[in-house]
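Report on one structure; see the data block that follows.
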Amino acid sequence: MLRSLLLIAAISLFSVSTFAQAGPRPSPTPKPEEQEQPIRVFTEEVRLPVAATDMYGHYDPTLTVDDVLVLEDGKQQQIRSIQHLPTNVLVLLDLGNQLGLKDTNLTRDIAMRLVNSLYPGTRIAIMQFAMKPELLQGWTTDRTAIAKVLKTKLNSGKSSRLADAFVAAAEQFKGTTPGTRHIVLVSDGVEVGGGRATMTTALKQLNSVQASLHIISYTVLARAALQNKGGIVRKGDGVQRDGNPGSNPVANGDPTLPPGTTRTPSFKIGSIDTDVAMRRKRKEYERATRDSEKNLMQIAEESGGQIFLPDSTDKAAAQAEEISRDIGSQYVITYRPTRSLASAKIGEYRQVEVASRRVGLYLRSRKGYVVPGQ
């Protein structure tokens, strides 16, 4: 009996030792379809930049929740707050200059006037583009650093690819607060094909980051410059000259001729621009500027921004300051949408209407937004 008990104990001890060495069996690797799908986490809050003015265009500093009506897809929304927040402004400079009609110095002056007029605390980035976009200065509040960049790093190129520039600009707004994002574009808006992005893709990117687009367009200035370049290149002066003074040494002193005349008269006449290919390019460019005005106007209005069409360099600089004041005076309206963002499809577009409840108050905001995919 004793030997039997010892044998059973030994077998049991061996079994426990073997199990301890083997350890727990590893869990089987789940198949791809069994793995958990990523969870979309939403902040159920929408922020809209809103410009508030009176009937004379002066900015209203007294806006309250009771003054504003917000509709999303036709349904009234409950506003949670109206406040001023520090803004993020990306200055996007078009330096493509295929026909020699854009002035880099003017572009620099407009950017400097804009930056110097923005409210203190505004975060600013500088990007230039021609055939490709280039970030010259990342987000900063250092105006001295920005001025140095504008003075030393602007380089003109041949043509402009605006769609690629829009995509690159939209990328810069990752991590910034919605409702505070602004792009100031200085450009003629003429797009040259062959870039990485189409304009349709670029506009979707802009909508996704909900940035307001403010534009100073060169189109009117460019068309005026075209008129000066077309037709007669050099005008004649109508002055009679001696066409062959070497063989007529006494022409200017001949007493038998009327004063100011000569026996071999000649006149300086105007020269005509006979470069047919260049004239064709100029006409194509002129048509393109008119199309770009319509397109840029629609984009600016959709985003809650504005477009300016200066006809002089002085007006262009003054309008840069007007854009700065407009950005700095805007409010950010916050509301929780009645229809959950979590229930929306990725990329879903929602229409927004912001209306005034107060007589004499005029409001401007973006026309809608794209539900972000998170």
Side-chain angles (χ1 to χ4, degrees), residues 49 87-98 102 107 110-111 114 123-139 154-219 222 288-309 320 323 326-327 346-347 349 365-373:
T87 53
N88 300 279
V89 180
L90 188 146
V91 184
L92 188 58
L93 305 176
D94 180 359
L95 295 179
N97 200 13
Q98 183 177 12
K102 299 174 190 173
T107 301
I110 291 173
L114 174 82
R123 296 174 73 238
I124 305 168
I126 306 293
M127 180 179 289
Q128 69 176 0
F129 71 97
M131 296 300 286
K132 63 179 181 179
E134 179 185 0
L135 182 66
L136 301 180
Q137 174 65 59
W139 296 113
L154 296 189
N155 295 310
S156 61
K158 292 184 178 180
S159 302
S160 302
R161 288 176 175 163
L162 182 58
D164 287 352
F166 277 157
V167 172
E171 286 291 320
Q172 298 302 315
F173 286 101
K174 291 182 177 179
T176 61
T177 304
T180 67
R181 301 164 178 168
H182 299 268
I183 297 174
V184 179
L185 172 66
V186 182
S187 172
D188 58 9
V190 176
E191 168 77 355
V192 175
R196 295 183 177 181
T198 64
M199 186 56 70
T200 300
T201 301
L203 295 181
K204 286 182 179 179
Q205 291 283 344
L206 283 184
N207 271 329
S208 69
V209 299
Q210 301 174 29
S212 298
L213 182 63
H214 313 265
I215 304 166
I216 294 179
S217 174
Y218 275 148
T219 52
T289 62
R290 297 189 187 279
D291 291 338
S292 78
E293 280 180 12
K294 297 176 183 178
N295 296 333
L296 291 178
M297 195 173 298
Q298 184 177 358
I299 297 169
E301 183 179 353
E302 171 70 23
S303 72
Q306 300 181 86
I307 183 171
F308 294 89
L309 304 170
I323 289 176
D326 180 76
I327 292 173
I346 295 178
Y349 182 79
S365 185
R366 62 183 306 108
K367 303 299 181 182
Y369 67 94
V370 175
V371 177

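Judged purely by atom type and a 3.5 angstrom limit, S212 has no side-chain atom pairing as donor or acceptor with the backbone of G304. A distance-only check finds a donor-acceptor pair linking the side chain of S365 to the backbone of P49 [under 3.5 Å]. Judged by distance alone, with hydrogens and angles left aside, the side-chain atoms of K367 form no donor-acceptor pair with the main-chain N or O of E301 at under 3.5 Å. The main-chain N or O of Y218 is never found under 3.5 Å from a side-chain atom of D188 such that the two would form a donor-acceptor pair.
We find the CG-CE distance between L206 and M199 to be 9.0 Å, quoted to the nearest 0.5 Å. Taking CD of E191 as the reference point, atom CG of D291 lies at 13.0 Å (rounded to 0.5 Å). The line from CG of D164 to NZ of K132 is 11.0 Å long, rounded to the nearest 0.5 Å. For the atom pair OG1 (T107) and CG (L154), the distance works out to 7.5 Å, reported to the nearest 0.5 Å. Taken to the nearest 0.5 Å, the CE atom of M131 stands 13.5 Å off from the CG atom of L95. With values rounded to the nearest 0.5 angstrom, R123 atom CZ is found 11.0 Å from L90 atom CG.
With contacts defined as side-chain heavy-atom distances shorter than 4.5 Å, the pair L93/L136 does not qualify. Annotation: side chain of K102 is in contact with side chain of S160 (closest heavy-atom distance under 4.5 Å). Residues W139 and I124 are not in side-chain contact: their nearest non-hydrogen atoms beyond the backbone lie 4.5 Å or more apart. Annotation: side chain of F166 is not in contact with side chain of T201 (no heavy-atom distance under 4.5 Å). In this structure, N155 and Q128 have side chains that are in contact, with non-hydrogen atoms separated by less than 4.5 Å. Counting heavy atoms from C-beta outward, L162 and D94 have side chains that stay 4.5 Å or more apart.
When only modelled atom types and interatomic distance are considered, N88 and T176 share no side-chain donor-acceptor pair under 3.5 Å.
The shortest heavy-atom contact between V190 and S292 is N-CB, 4.2 Å. Across H182 and I327, no two heavy atoms sit closer than the pair CD2-CG2, 3.8 Å. Across Q210 and R366, no two heavy atoms sit closer than the pair C-NH1, 3.4 Å. The heavy-atom pair separating L213 from S303 by the smallest distance is N-OG, 2.9 Å. For the pair Y349 and G368, the tightest heavy-atom approach, listed with the atom from each and the gap, is OH-CA, 3.3 Å. Smallest separation of non-hydrogen atoms from G189 and L296: CA-CD1, 3.7 Å.
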Are H214 and F308 close enough, and set up right, to give a side chain to side chain contact (heavy atoms under 4.5 Å, CB included), and what steps lead you there?
CA-CA 8 Å; H214 313 265; F308 294 89; 6.0 Å; no
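Applying the side chain to side chain donor-acceptor pair (under 3.5 Å) test to Q298 and every residue at least two apart in sequence or in another chain returns nothing.
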